[in-house]
Amino acid sequence: MGFADSLRLDGRTAVVTGAGRGLGRGCALALAELGAHVVAAARSADELESLAAEIRADGGSAEAAVLDVTDSDAVRRVFSELPRVDVLVNNAGWNRPQHFFDVEEPVLDAMLALNVKAAFIVAQAAAQRMAEGGEGGSIVNMSSQMGHVGGPERTVYCATKHALEGMTKAMAIELAPHRIRANTVGPTFVETPLAGPFLQNREFREFVLDSIPLGRLGEVAEVAAAVAFLASPASSLITGTSLLVDGGWTAK
């Protein structure tokens with residue numbers, strides 16, 4: 001099998017959380033282009049149906065799964081009802097920048113609930129289905145460059161992403177006997193619905209661009225390409241690591 005063929009995901013089912021917009025949508029489109037049947041999960045039915053329709057119009061296969069990933073029972077039900085799970089892109093996440101002194105407890109609780117607890121429950125449910133199928137699989141947890149460094153007004157976000165990095169390493173060890181790989185992708189700032197409002201601040205945008213040696217923001221397609229690689233058989237010996245798509249931010 002040549003390299004191009006090793007990227008194909010024909011016959012595989014890929015679940016993408018937070019798929020309605022931004023990075024999740026881009027990942028869903030990339031996986032569908034490689035032949036996967038995509039289960040697009042998010043809270044917004046309209047966004048999911050639009051995504052699924054776009055994938056099908058391009059000759060791909062997709063279905064929508066309206067899901068709040070912080071509802072553990074709903075997560076377990078959705079995964080238990082899928083005929084198979086081969087790939088998980090654990091993408092749902094959130095951030096509200098606040099100075100350390102000003103972090104509000106409800107914000108702390110909400111970010112831990114979504115970025116850590118929900119990510120854990122989703123990964124656990126997916127891994128159990130992969131193990132039951134007996135063919136292994138690939139879990140890609142969407143982390144951040146902030147899972148490797150610190151940043152201003154991001155103590156909570158950094159805490160959640162550092163936790164995700166550690167969780168992924170431990171998952172990789174425990175799931176290896178089941179032929180399940182676990183990795184993270186760590187993007188820099190990308191103009192998505194999540195990061196876009198922050199980047200509208202001229203001073204902050206200049207800080208970001210000055211911090212990226214390549215001198216530009218990331219693009220959704222670049223992050224999706226990294227996710228697709230880790231999801232595919234082309235990365236079959238890669239587990240327990242992080243693929244940073246950060247333009248060199250963390251190299252300094």
Side-chain angles (χ1 to χ4, degrees), residues 6-20 23-43 48 51-52 55-56 60-93 114 116-143 164 167-168 170-185 224 226-240 243:
S6 72
L7 290 168
R8 298 295 304 175
L9 293 168
D10 302 285
R12 291 175 170 85
T13 295
V15 181
V16 182
T17 67
L23 295 179
R25 182 182 179 88
C27 291
L29 291 169
L31 296 174
E33 186 176 345
L34 293 177
H37 170 69
V38 173
V39 179
R43 291 180 296 177
L48 294 179
L51 170 63
I55 289 173
R56 290 193 289 263
S61 175
E63 62 183 282
V66 178
L67 176 66
D68 179 351
V69 294
T70 63
D71 184 340
S72 300
D73 290 337
V75 167
R76 295 186 182 102
R77 183 175 62 253
V78 165
F79 277 93
S80 69
E81 292 174 352
L82 292 173
R84 63 182 294 158
V85 178
D86 304 284
V87 173
L88 167 67
V89 180
N90 207 359
N91 170 72
L114 177 57
V116 181
K117 181 181 178 181
F120 184 99
I121 297 297
V122 169
Q124 185 183 56
Q128 287 171 337
R129 292 293 291 114
M130 291 174 184
E132 291 167 3
E135 297 182 29
S138 176
I139 295 173
V140 184
N141 292 320
M142 188 63 75
S143 184
L164 190 64
M167 183 181 87
T168 303
M171 285 170 54
I173 294 168
E174 288 199 85
L175 298 177
H178 300 282
R179 296 169 56 204
I180 299 170
R181 298 182 296 109
N183 295 287
T184 67
V185 167
V227 169
F229 169 68
L230 290 175
S232 76
S235 61
S236 58
L237 196 61
I238 301 175
T239 194
L243 179 49

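Worth saying up front: this structure is predicted, and the values here are computed from it rather than measured. Just the heavy atoms: all of them, side chains too, but no hydrogens, waters or symmetry mates, feed the values below.
With rounding to the nearest 0.5 angstrom, the OG atom of Ser235 is 8.5 Å from the CG atom of Leu7. One finds the CD1 atom of Ile55 at 10.5 Å from the CD atom of Glu63 (value rounded to the nearest 0.5 Å). A distance of 11.5 Å separates OG1 in Thr184 from CG in Asn90, rounded to the nearest 0.5 Å. With rounding to the nearest 0.5 angstrom, the CG atom of Leu88 is 7.0 Å from the CG atom of Asn141. One finds the CZ atom of Arg77 at 12.0 Å from the CG atom of Leu82 (value rounded to the nearest 0.5 Å).
Residues Met142 and Val227 have side chains in contact (heavy-atom distance under 4.5 Å, counting atoms from C-beta outward). The shortest distance between side-chain heavy atoms of Met130 and Leu175 does not fall below 4.5 Å.
Heavy-atom minimum distance, Ala118 versus Val69: CB-O, 3.4 Å. Annotation for Arg76 and Ile121: closest pair NH2-CD1, 3.5 Å, computed over non-hydrogen atoms. Minimum interatomic distance between Ala127 and Ile139 (heavy atoms only, all atoms of both residues): CB-CD1, 4.0 Å. Considering all non-hydrogen atoms of both residues, Ala42 and Ala19 come closest at CB-N, 3.9 Å. Pairing each heavy atom of Val16 with each of Cys27, the nearest pair is CG1-CB, 4.4 Å. In terms of heavy atoms, Ala92 sits closest to Gly18 at CB-N, 4.0 Å.
No option in Leu31, Val15, Val38 other than Leu31 meets the side chain to side chain contact (heavy atoms under 4.5 Å, CB included) test with Val89.
Residue Arg8 places its CZ atom among more than 12 non-hydrogen atoms of other residues, nucleotides or ligands, all under 6.0 Å distant. The 12-atom threshold is not exceeded at CD of Glu33, counting heavy atoms of other residues, nucleotides or ligands nearer than 6.0 Å.
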*asked:* Checking Leu243 against Asn183 for the side-chain contact (heavy atoms from CB on, under 4.5 Å) test, could you report, in this order, the C-alpha distance in whole Å, the side-chain angles of both residues, the deciding distance, and whether it holds?
replied: CA-CA 8 Å; Leu243 179 49; Asn183 295 287; over 6 Å; no

Report task. Verify side-chain contact (heavy atoms from CB on, under 4.5 Å) between Leu29 and Leu51, making sure each step is shown before the conclusion. Result -> CA-CA 8 Å; Leu29 291 169; Leu51 170 63; 3.7 Å; yes

Item to check | Worked verdict on Val116 versus Phe120 for side-chain contact (heavy atoms from CB on, under 4.5 Å) | outcome: CA-CA 6 Å; Val116 181; Phe120 184 99; 5.7 Å; no

Worked check of side-chain contact (heavy atoms from CB on, under 4.5 Å) between Met171 and Ile180 | CA-CA 9 Å; Met171 285 170 54; Ile180 299 170; over 6 Å; no

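The main-chain N or O of Ser232 is never found under 3.5 Å from a side-chain atom of Arg12 such that the two would form a donor-acceptor pair. Although no hydrogens or angles enter the test, the distance criterion places a donor-acceptor pair under 3.5 Å between the side chain of Asn91 and the main chain of Thr17.
Residue pairs meeting the side chain to side chain donor-acceptor pair (under 3.5 Å) criterion with at least one partner in residues 118-138, sequence neighbours excluded, are Arg84-Glu135, Arg129-Glu132.
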